[in-house]
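All remarks here apply to the structure that follows.
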Amino acid sequence: MTRQSSPAAAGKVDERFALIGAGPMGLAAAKTLLEQGVDFQGFEIHSDVGGLWDIDGPKSTMYDTAHLISSKRMTEFTDFPMDGDVAEYPSHRELKHYFRSFADHFGLRERYLFNTEVVSAEPLGASGDGWRLVWRDGDGNEHQGVFAGLLIANGTLSEPNMPEFPGAFEGELLHSSRYRNPTVFAGKRVLIIGAGNSGCDIAVDAIHHGASCDLSMRRGYYFVPKYIFGRPADTMGGAIKLPMWLKRRIDGMILKWFAGDPSKYGFPKPDYALYESHPVVNSLILFHAGHGDLTIRPDIERFEGRTVHFKDGSKADYDLVLAATGYKLHYPFVEKGLLNWQGDAPHLFLNCMHPERDDLFVLGMVEASGLGWQGRHEQAEMVARYIAGLRQGTAAAHALKAEKAAGFERATGGMSYIDLPRMAYYVDKATYRKAVTSRTEALKKDAA
């Protein structure tokens, strides 16, 4: 392995920003940076764009049967709608094609170094002094350069959160990030740990291909069918802004009409209010539970050989245990302290802006029910306009700089989300989008 220096070698600051990632968020950032005249160099570990939606990518957590849990019209970029022949809930194959077409349409590919892994990123001093990056190309050679700033858009769903349990399991034990094809379940007694969206999707696969399937749950969930009155569920409502107490009452009534009472199939009742955690969007898991194809189990107490003991005193034997227990935020190339990490996530203004630095941004570390890629595009546009505004010396950019330095809270809209790592960067969609777009409009007006 050799180390080489780029033209922006140590001590010589490149005016470009470094952008890490070419998934949906990285592509949105690349597009908006180009529109605002902010030059950048992109880095992508895979050979092409698409991020986790390209199942062949080294960091992809896709599986063969994976589809969007939100409808295409509520998820797509507004200025690049999906073709009419794309399914209402597209597969990962359709989405890989969509992102490659997006990159071609906006001329983004040539701005990236592909098959390139960023090894480290460190600031040379105070904000504005530059960032030294070290990256490794596909041949194993290391390079380094100094850039004006750092934009991190490497995604939130690639680092497995693998739980530990007492004892040892002698069958197959894997995390959902390693799951690719339902043939792995053929003829096996399967236990799925975790009933989030991926866990329920994979449980349906196991029901169809395995000898049996059980689902271990620590807590209850609200289940949303994919279709209501023949339309994608996420396209219903939204025209009128309702207070949360009324929205919960109306939506809860609709869920009872279409999903019934999951507890009659053995699912635990949620111990939190609707929208205080991400709901499960799945039309099949309750169907199979109602047909006796699925057994609901409580949390695990311990493993013993191929036997799993549960906390209610029951036990059962399995050949394969799959942990659909989610992911952790993971930015291995930069020191944790530099990101203003608090608890389970960095504490950043509107989930993306560092309170003290104007050369460091984390893009895409935001989750909200129904936010879609357009909501993330809006975040990217705000950041791109902010960088451009600072360079132009606009009043709106300096006002935003002062605002984020003065202290802030996450844009929860008053919601009390449950205390889980995956909810640590959750926001209220309406509150968040209003906050982002209002600041974008101010930046836009000042620049004009």
Side-chain angles (χ1 to χ4, degrees), residues 52-69 87 89-93 95-96 157-158 160-165 167-218 221 223 225-226 262 265-268 280-310 314-327:
L52 65 85
W53 292 102
D54 185 344
I55 197 170
D56 296 320
K59 297 292 184 179
S60 178
T61 55
M62 282 296 111
Y63 42 93
D64 282 348
T65 57
H67 291 71
L68 272 181
I69 62 169
Y89 290 96
S91 72
H92 63 89
R93 298 171 186 84
L95 293 172
K96 180 177 78 169
L157 301 174
S158 62
N161 179 32
M162 188 68 178
E164 294 183 1
F165 297 100
F169 183 66
E170 293 180 358
E172 294 180 69
L173 177 63
L174 69 154
H175 189 271
S176 58
S177 60
R178 293 170 49 206
Y179 172 66
R180 290 294 180 269
N181 191 284
T183 55
V184 71
F185 299 130
K188 296 174 183 174
R189 299 164 296 177
V190 179
L191 175 66
I192 307 293
I193 306 173
N197 282 288
S198 292
C200 288
D201 278 354
I202 296 171
V204 171
D205 284 352
I207 289 166
H208 290 165
H209 293 265
S212 65
C213 180
D214 292 0
L215 183 62
S216 171
M217 303 176 62
R218 294 174 59 186
Y221 287 84
F223 292 89
K226 287 200 166 182
Y265 306 127
F267 290 92
V280 173
V281 184
N282 190 303
S283 296
L284 295 176
I285 196 72
L286 298 181
F287 171 90
H288 283 293
H291 284 72
D293 301 329
L294 179 71
T295 300
I296 305 303
R297 299 282 189 176
D299 198 9
I300 294 171
E301 182 181 83
R302 72 181 191 277
F303 292 142
E304 185 180 17
R306 288 181 178 256
T307 302
V308 178
H309 295 261
F310 299 97
S314 64
K315 62 182 180 179
D317 294 336
Y318 302 97
D319 303 301
L320 187 153
V321 174
L322 184 145
T325 46
Y327 300 87

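- The line from CZ of Arg93 to CH2 of Trp53 is 12.0 Å long, rounded to the nearest 0.5 Å.
- For the pairing with Asp205, the side-chain hydrogen bond (donor to acceptor under 3.5 Å, both in side chains) check across Thr183, Asn181, Thr65 returns one residue only, Thr65.
- A donor-acceptor pair is defined here as one N or O able to donate and one able to accept, closer than 3.5 Å; no such pair exists between the side chain of Tyr179 and the backbone of Ile202.
- With rounding to the nearest 0.5 angstrom, the CG atom of Leu191 is 8.0 Å from the CG atom of Leu215.
- Summarising the geometry, atom CE belonging to Met162 is positioned 7.0 Å from atom CG belonging to Leu174; distances are rounded to the nearest 0.5 Å.
- Between the side chain of Ser216 and the backbone N or O of Pro298 there is at least one donor-acceptor pair closer than 3.5 Å.
- Note that the CG atom of Leu52 and the OG atom of Ser177 stand 11.5 Å from one another [nearest 0.5 Å].
- Not a single donor-acceptor pair under 3.5 Å links the side chain of Ser212 to the backbone N or O of Arg189.
- Of the possible donor and acceptor atoms, none in the side chain of Arg297 sits under 3.5 Å from a partner among the backbone N and O of Met217.
- Taking every heavy atom of both residues into account, Ala66 and Met62 meet most closely at CB-SD, 3.8 Å.
- In terms of heavy-atom proximity, Pro262 sits nearest to Phe223 at CG-CD1, 3.8 Å.
- Every ring-ring contact (aromatic ring centres under 6.0 Å, His included) that His208 has, sequence neighbours left out, goes to His288.
- Nearest approach of Pro163 to Ala323, heavy atoms of both residues: CD-CB, 4.2 Å.
- By the 30° and 60° cut-offs, the orientation of the rings of Tyr318 relative to Phe310 is perpendicular.
- Between the side chains of Asn197 and Asn282, not a single donor N or O lies within less than 3.5 Å of an accepting N or O.
- Between Asp319 and Arg306 there is a salt bridge, since a side-chain N of the basic residue sits under 4.0 Å from a carboxylate O of the acidic one.
- Aromatic ring pairs are classed by plane angle as parallel below 30°, tilted from 30° to 60° and perpendicular above 60°; the pair Phe287 and His291 is tilted.
- Closest heavy-atom contact between Cys200 and Ile285: O-CD1, 3.9 Å.
- In this structure the side chain of Tyr265 never reaches within 4.5 angstrom of the side chain of Leu294, judged on heavy atoms.
- For the pair Lys188 and Glu172, the salt-bridge criterion is met [side-chain N within less than 4.0 Å of a carboxylate O].
- Within the 4.5 Å cutoff, side-chain heavy atoms of Tyr63 are placed close to those of Asp201.
- Here the side chains of Ile193 and His175 are not in contact, with every heavy-atom distance at 4.5 Å or above.
- With sequence neighbours left out, the salt bridge (charged side-chain N to carboxylate O under 4.0 Å, His left out) criterion links Arg218 to Asp299.
- To the nearest 0.5 Å, atoms CZ (Arg178) and OG1 (Thr61) are separated by 13.5 Å.
- Annotation for Lys59: atom NZ does not count as buried by contact number, only 12 or fewer foreign heavy atoms lying within 6.0 Å.
- Taking all atoms of both residues into account, the shortest heavy-atom contact from Phe185 to Leu320 is CE2-CD2, 3.9 Å.
- Side-chain atoms of Ser198 do not come within 3.5 Å of backbone N or O of Ala324 as any donor-acceptor pair.
- Nearest heavy-atom pair across Tyr327 and Ser176 is OH-OG, 3.8 Å.
- Residue Ile207 holds its CD1 atom at 9.5 Å from CG of Asp214, rounded to the nearest 0.5 Å.
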